[in-house]
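Here's the structure, in structure tokens; my notes come after.
Numbered from 1 within each chain, the chains take letters A, B, ... in sequence-line order.
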Amino acid sequence: MTHNETKTLFEKGLISATQYGQVNEYRSRNIFSLLIELRVLLYLSILLITTGIGILVYKNIDTIGHTVILSAILLASVTCFFYCFKNSRGFSLGPVASANMWYDYVVLAANLLAGIFMGYLQYQYHPFGSYNNIAALLPTLLYFFSAYYFDNKAVLSLAITGAAAFIGLSVSPRGLLENDFSNPALSYSAIGFGSMLILGAAAREWSDFKSHFSFTYRNFALHIICITCLSNLFSDESALYYFILTAAVSYFVWLAYYLGSINFLFFAVTYGYIGLNILLIRIVSNNDLYMLLAYIGPFYFGASVWFFIKWLRGFRNRLRYAGVR
Amino acid sequence: MQAYDRELLENNALIAEADSLQHAGFISSEQNNFIDSKLPSLSTQSNQLIRAGMFILACVLFSSCCGVVALFSSGFIFEHYGWIMLVYSIFGIAATEFIVHKPQYFANGIDDAFVFCTQLVLIGWVGVSVGSKDFLMPVFVAMVIAGVFCCVRYVDSLAAFLACVGLVCATGDLFMQAGDAGRSLLPFGLMSLGAAIYYLSQWLRDNEDLGSYYFKSINVVKGFGLALFYLAGNYMVVREGRVLLLNTEIMPGSDIPLAWLFYAFTVLVPVGYIYFSLIRKDRIMLWAGIFSLSFSIFTIRYYHHIIPAEWALVIGGLVLLAITWFSIHKLKGRTSGLTYEADRLSSQGEILKAEYILVVQNFGAKPAAVDNTGPAFGGGDFGGGGAGDSL
């Protein structure tokens with residue numbers, strides 16, 4: 001088969017001869033980018049080395065001693081931080097371009113090492129007694145500082161995760177499903193935490209203070225609030241969570257239109273649809289309408305499919321033609 | 001041949017090309033929109049996440065339709081299971097034809113799901129109507145026929161994958177029927193099949209008459225052929241397969257026949273894949289090479305513990321780091337051929353934006369062990385909540 005879509009576009013008069021020439025010139029360079037492959041191998045090698053060293057240290061802890069290991073981790077972290085400060089382009093309210101290709105990874109490594117150091121210290125010597133939360137809070141504060149000063153979104157994610165852990169919530173992609181939401185206090189704090197993230201993102205955009213961070217904040221907020229509500233809806237009949245879920249989904253659908261973000265639209269609608277189905281199944285099972293459900297099912301799901309396709313097409317056209325970013 | 005209008009399919013490819021040109025900065029977004037509005041096209045979904053969501057929803061729709069049929073025929077269903085499957089198959093084909101022709105869905109999740117479900121019920125129908133004896137071969141043949149038919153007619157790459165699976169199962173079954181001699185020759189049979197599938201994909205790719213919309217299906221076939229060729233000759237697969245199929249035990253000190261040959265395959269095939277992929281600039285073969293190389297290292301370490309695991313990890317990691325570091329320095333800033341710079345015409349770089357998910361999953365803080373916040377609350381075990389809409 002022949003790949004000549006660009007040529008066809010040119011022949012149909014949809015792109016100009018200059019553009020066709022530019023694309024052909026670029027294609028003739030025969031570019032084969034190994035960016036992803038080499039990054040993956042880089043990650044893999046770091047993972048292998050750290051795992052190996054971890055096992056080595058674990059097996060030889062009696063001969064090495066905790067103090068030596070702690071000092072080594074601290075030294076490594078401080079070295080990385082020194083490198084970051086030396087190469088940093090200084091603080092700015094807006095985004096800062098990375099100093100070089102390794103820089104963002106060194107920032108990440110410095111913070112991770114500092115976090116490991118703190119955790120190790122608390123586990124071995126208990127400087128904060130049994131207040132493990134306080135010990136976890138210190139690295140979180142450092143993460144927030146680094147994220148803002150070095151302008152690093154990966155570290156910002158770590159900071160949000162740390163802050164959530166401080167109130168007893170696990171918000172890593174898998175951890176979010178493992179929280180014990182049958183505990184009402186945890187559910188309320190999760191929803192409160194999510195709302196604070198939303199407010200924080202809005203304030204950040206309004207004041208132009210690191211407004212490019214707001215996607216990270218809102219993304220966490222969307223998943224935290226919706227998953228908390230849904231997991232409560234599975235076991236609980238209270239109207240409160242329907243109300244909160246409706247509010248959150250409406251807000252994020254509005255936001256998706258406002259920002260032109262297909263990501264927010266997809267997740268908000270998916271969570272909303274799951275919530276709607278839980279409500280419908282409740283109604284069916286409370287009124288013993290199973291037969292009706294079986295006969296109506298095809299129409300209901302068929303209508304859902306038709307509706308979603310229409311909606312998505314409308315959204316796509318709006319993105320393309322209405323001049324939304 | 002294909003159910004879609006050829007011109008519309010080609011327009012879809014043109015629109016995708018224009019999107020990629022805009023992404024690369026060759027044309028403006030206004031021009032891209034103009035191209036989009038000029039070309040009539042099929043209803044498609046380029047966002048793979050949404051496509052996956054629609055796939056699940058459409059599978060639910062298909063099964064709820066089948067449920068209604070089952071309700072109407074509940075008295076009849078247990079004696080005549082084959083007939084019900086036939087009804088499902090006819091419904092599946094009719095529904096697929098409808099969504100392909102009327103709303104013209106193409107690769108937007110809905111048509112993928114209907115083609116997939118139709119194939120499943122077709123294969124099920126063959127399996128049920130053949131009876132309980134010797135039903136394997138007809139099922140495998142049905143898989144191949146249904147897969148090839150659906151791949152060609154509905155331009156579906158998942159169908160191509162199913163056809164390949166059917167082909168492997170059928171070949172395996174043939175060799176298994178041929179007694180011990182056949183079973184010993186199974187690795188070579190499957191390796192030849194893998195090579196044949198790979199060359200078939202190359203031949204199809206070079207075929208001028210074939211529309212370029214089959215490109216994805218052909219890539220799936222190619223990746224399958226490469227994976228099969230490697231796995232069929234891998235020492236571990238051959239050895240464990242032999243133990244399983246021939247009911248033999250391999251004593252310590254002895255080895256399978258032709259062990260040296262399979263060791264050679266295990267080492268040489270990944271190296272060959274990586275070498276040729278870089279020469280031919282073939283990304284699928286490159287990934288096949290990376291995965292097969294990792295599996296080869298695992299294979300050899302599984303049978304030969306030369307050094308302790310932790311040292312193997314550290315040394316292996318250091319070697320890999322050195323190679324990667326060296327390659328990055330060599331390839332950085334190159335503007336042609338092999339390079340470490342992102343390709344403007346490929347959206348692969350988007351994946352790197354998801355890096356932070358890896359970081360959070362691996363290093364994100366977990367809540368501290370609860371020893372000062374009162375008793376832990378029991379119960380409320382909740383998992384896999386994402387599947388909540390599937391009744």
is_close_aromatic(Phe62(B), Phe301(A)), centroid dist under 6.0 Å: no
Ring centre gap for Phe308(A) and Tyr273(A) strictly below 6.0 Å: yes
Does any heavy atom of chain B fall under 4.5 Å from the side chain of [X], the backbone, both, or neither of them?
X: Leu156(A); value: neither
X: Ile309(A); value: both
X: Val40(A); value: side chain
X: Tyr123(A); value: neither
X: Tyr26(A); value: side chain
X: Leu112(A); value: side chain

From OH (Tyr340(B)) to CD1 (Ile36(A)), nearest 0.5 Å: 9.0 Å
For [X], is it the side chain, the backbone, both or neither that has a heavy atom under 4.5 Å from a heavy atom of chain A?
X: Leu21(B); result: side chain
X: Ile99(B); result: neither
X: Asp343(B); result: both
X: Glu10(B); result: neither
X: Leu14(B); result: both
X: Ser29(B); result: neither
X: Leu39(B); result: side chain
X: Ser294(B); result: neither
X: Thr335(B); result: both
X: Ile290(B); result: side chain
X: Lys281(B); result: both
X: Asn11(B); result: side chain

Of all heavy-atom pairs between [X] and [Y], which one has the smallest distance, and what is that distance?
X: Ile167(A); Y: Leu186(A); answer: O-CD1, 4.1 Å
X: Gly109(B); Y: Ala58(B); answer: O-CB, 4.4 Å
X: Gln45(B); Y: Gln48(B); answer: O-NE2, 4.4 Å

Carboxylate-amine/guanidinium proximity below 4.0 Å for Arg29(A) and Glu341(B): no
Any side-chain heavy-atom pair of Lys59(A) and Ile55(A) under 4.5 Å: yes
Heavy-atom check, side chain of Lys12(A) versus side chain of Lys38(B), under 4.5 Å: no
Given the options [options], which has more heavy-atom pairs under 4.5 Å with chain A than any of the others?
options: Cys65(B), Ser336(B), Ser327(B); result: Ser336(B)
options: Asp36(B), Leu318(B), Leu321(B); result: Asp36(B)
options: Met54(B), Lys332(B), Arg344(B), Glu30(B); result: Arg344(B)

Steps toward salt bridge (Lys or Arg N to Asp or Glu O under 4.0 Å) verdict (Glu17(B), Arg27(A)): CA-CA 13 Å; Glu17(B) 176 78 0; Arg27(A) 284 252 162 82; 3.1 Å; yes
Contacts of type ring pair (Phe, Tyr, Trp, His ring centres under 6.0 Å), residue Phe266(A), not counting sequence neighbours: none
With Tyr20(A) via ring pair (Phe, Tyr, Trp, His ring centres under 6.0 Å) - residues at least two apart: Phe10(A)
Distance-only polar pair, side chains of Glu178(A) and Ser170(A), donor-acceptor under 3.5 Å: no
